[in-house]
Colleague: 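After the structure tokens below, expect a handful of questions from me.
Just so you know, these numbers come straight off a predicted model, no measurement behind them. Note that the numbering runs from 1 along the sequence shown for the chain. Counting starts at 1 for both ligands and their atoms, following the listed order.
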Amino acid sequence: MRKKIVAGNWKMNKTYEEALSLVSEIDNMLKDEVSGDVTVIVTPPFPFLHAVGKLTQGNDRLHLAAQNVSEHESGAYTGEVSAAMLRSVGVEYVLVGHSERRLYHHEDAQTLYKKMKAALAQGIKPIFCCGEPLEERDADRHFEYVGQQLKDSISYLSNEEFDQVVIAYEPIWAIGTGRTASSQQAQEMHAYIREQLSRMFDAEAAFNCTILYGGSANPGNAKDLFSKEDVDGGLIGGASLKSRDFTDIVKSF
Ligand code: PEP
């Protein structure tokens with residue numbers, strides 16, 4: 001059975017107090033309003049993981065993700081955070097390959113592969129992000145572009161490792177722009193991704209892989225996006241910073 005997931009990526013937003021208020025508001029709303037089978041994930045900045053983790057550990061309603069992980073196990077890597085550190089504060093998922101990390105921090109395909117391996121070695125599930133820039137979409141090369149991103153990082157995993165991976169399709173032109181991919185555009189890319197995955201891994205694993213859509217998803221468009229066969233949920237940026245909007249998106253299945 002394919003898992004449905006809604007994950008909020010808080011990026012570099014919120015102070016400590018604000019982060020704790022946001023997560024407890026979300027938790028209360030989920031408790032009162034959501035009874036379904038959706039896995040809800042919050043992705044706070046590093047300094048708040050420990051405190052937010054106290055609320056998510058042993059709580060079936062909410063799960064904890066980190067926004068980044070080092071590809072290295074431990075040692076002299078100033079400013080980096082290892083998978084073992086994340087695990088020790090209750091992190092269950094980690095974003096890998098977000099377009100902002102690829103663009104501003106020059107994370108290449110091999111590095112992303114190593115980050116996934118480092119996370120998996122600690123039992124943390126990678127949420128691998130992929131997606132094309134506008135010029136590739138306009139040139140009608142978006143399928144090839146995303147296919148190559150999968151080939152360059154994901155295809156090196158074993159079947160067992162791949163079973164733990166979540167994919168997030170995030171067209172770069174839709175991230176933080178207010179311009180969402182249509183549900184039809186999302187569906188056709190998700191189906192394409194699933195087909196590529198079935199060539200790399202066994203067909204059942206590809207069928208069972210959760211593929212999220214990300215890019216200006218909000219309470220107004222989530223229902224349409226989530227109604228599509230291969231859209232198994234969302235990776236939500238801006239709208240995850242407001243408890244009401246985020247919970248309404250969770251309720252959109
Ligand atoms: C994101 O950055 O992962 C994202 C989907 O952002 P937004 O929802 O703000 O477009």
Colleague: Under a plain distance cut-off of 3.5 Å, with no hydrogens placed, do Glu136 and His142 share a side-chain donor-acceptor pair?
Modeller: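 Looking only at side-chain atoms, Glu136 and His142 do not form any donor-acceptor pair under 3.5 Å.
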Colleague: What are the atoms of ligand 1, with element, lying closer than 4.0 Å to any heavy atom of Gly215?
Modeller: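 Counting atoms of ligand 1 from 1, those under 4.0 Å from Gly215 are 5 (C), 10 (O).
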Colleague: Under 3.5 Å, N or O to N or O, is Gly238 touching ligand 1 that way?
Modeller: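 It does: an N or O of Gly238 is found under 3.5 Å from an N or O of ligand 1.
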Colleague: Taking CD in Glu80 as the centre, count heavy atoms belonging to other residues, nucleotides or ligands within less than 6.0 Å. Is the count above 12?
Modeller: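 Yes, CD of Glu80 has more than 12 neighbouring heavy atoms, counting only those of other groups under 6.0 Å.
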Colleague: Around atom NZ of Lys151, are there more than 12 heavy atoms of other residues, nucleotides or ligands at under 6.0 Å?
Modeller: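 Not more than 12 within 6.0 Å, no.
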Colleague: Answer side chain, backbone, both or neither: which part of Ile175 comes under 4.0 Å from ligand 1, heavy atoms only.
Modeller: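 The part of Ile175 near ligand 1 is both the backbone and the side chain.
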Colleague: Heavy-atom count check: over 12 atoms from other residues, nucleotides or ligands less than 6.0 Å from Glu73 CD?
Modeller: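 No, because the 6.0 Å sphere around CD of Glu73 holds 12 heavy atoms or fewer from other groups.
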Colleague: Give the atoms of ligand 1, by number and element, whose distance to some non-hydrogen atom of Asn9 is under 4.0 Å.
Modeller: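 Contacts of ligand 1 toward Asn9, numbered from 1: 2 (O), 3 (O).
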Colleague: What is the closest protein heavy atom to atom 6 (O) of ligand 1, and at what distance does it sit?
Modeller: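 Going by distance alone, atom 6 (O) of ligand 1 is nearest to Gly237 CA, 3.4 Å.
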Colleague: Look only at interatomic distance and state if Lys11 has a nitrogen or oxygen under 3.5 Å from any nitrogen or oxygen of ligand 1.
Modeller: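 For ligand 1, there is an N or O atom that lies under 3.5 Å from one belonging to Lys11.
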Colleague: Against ligand 1, does Gly176 come closer than 4.0 Å with any heavy atom?
Modeller: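 Gly176 counts as a contact of ligand 1 under the 4.0 Å cut-off.
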Colleague: Show me the donor-acceptor pairs within less than 3.5 Å that the side chains of residues 124-132 make with the rest of the protein, sequence neighbours left out.
Modeller:
residue, atom, partner, partner atom, Å
Glu132, OE1, Tyr169, OH, 2.8
Glu132, OE2, Arg137, NE, 2.9
Glu132, OE2, Arg137, NH2, 3.2
Glu132, OE2, Tyr169, OH, 3.0
Glu132, OE2, Trp173, NE1, 2.9

Colleague: Are any of the heavy atoms in Ala174 under 4.0 Å away from ligand 1?
Modeller: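 Yes.
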Colleague: To the nearest 0.1 Å, how far is atom 5 (C) of ligand 1 from its closest protein heavy atom, and which atom is that?
Modeller: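 That would be Glu170 OE2, 3.1 Å.
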Colleague: Count the heavy atoms of every other residue, nucleotide or ligand shown that sit under 6.0 Å from NZ of Lys228, and state whether that count exceeds 12.
Modeller: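 Yes, NZ of Lys228 has more than 12 neighbouring heavy atoms, counting only those of other groups under 6.0 Å.
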Colleague: If you measure every N/O of Gly214 against every N/O of ligand 1, is any gap under 3.5 Å?
Modeller: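 Between Gly214 and ligand 1 (N or O atoms, distance only) the closest approach is not under 3.5 Å.
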Colleague: Is it the case that atom CZ in Phe46 sees more than 12 heavy atoms from other parts of the structure closer than 6.0 Å?
Modeller: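 Yes, the 6.0 Å shell around CZ holds more than 12 heavy atoms from other groups.
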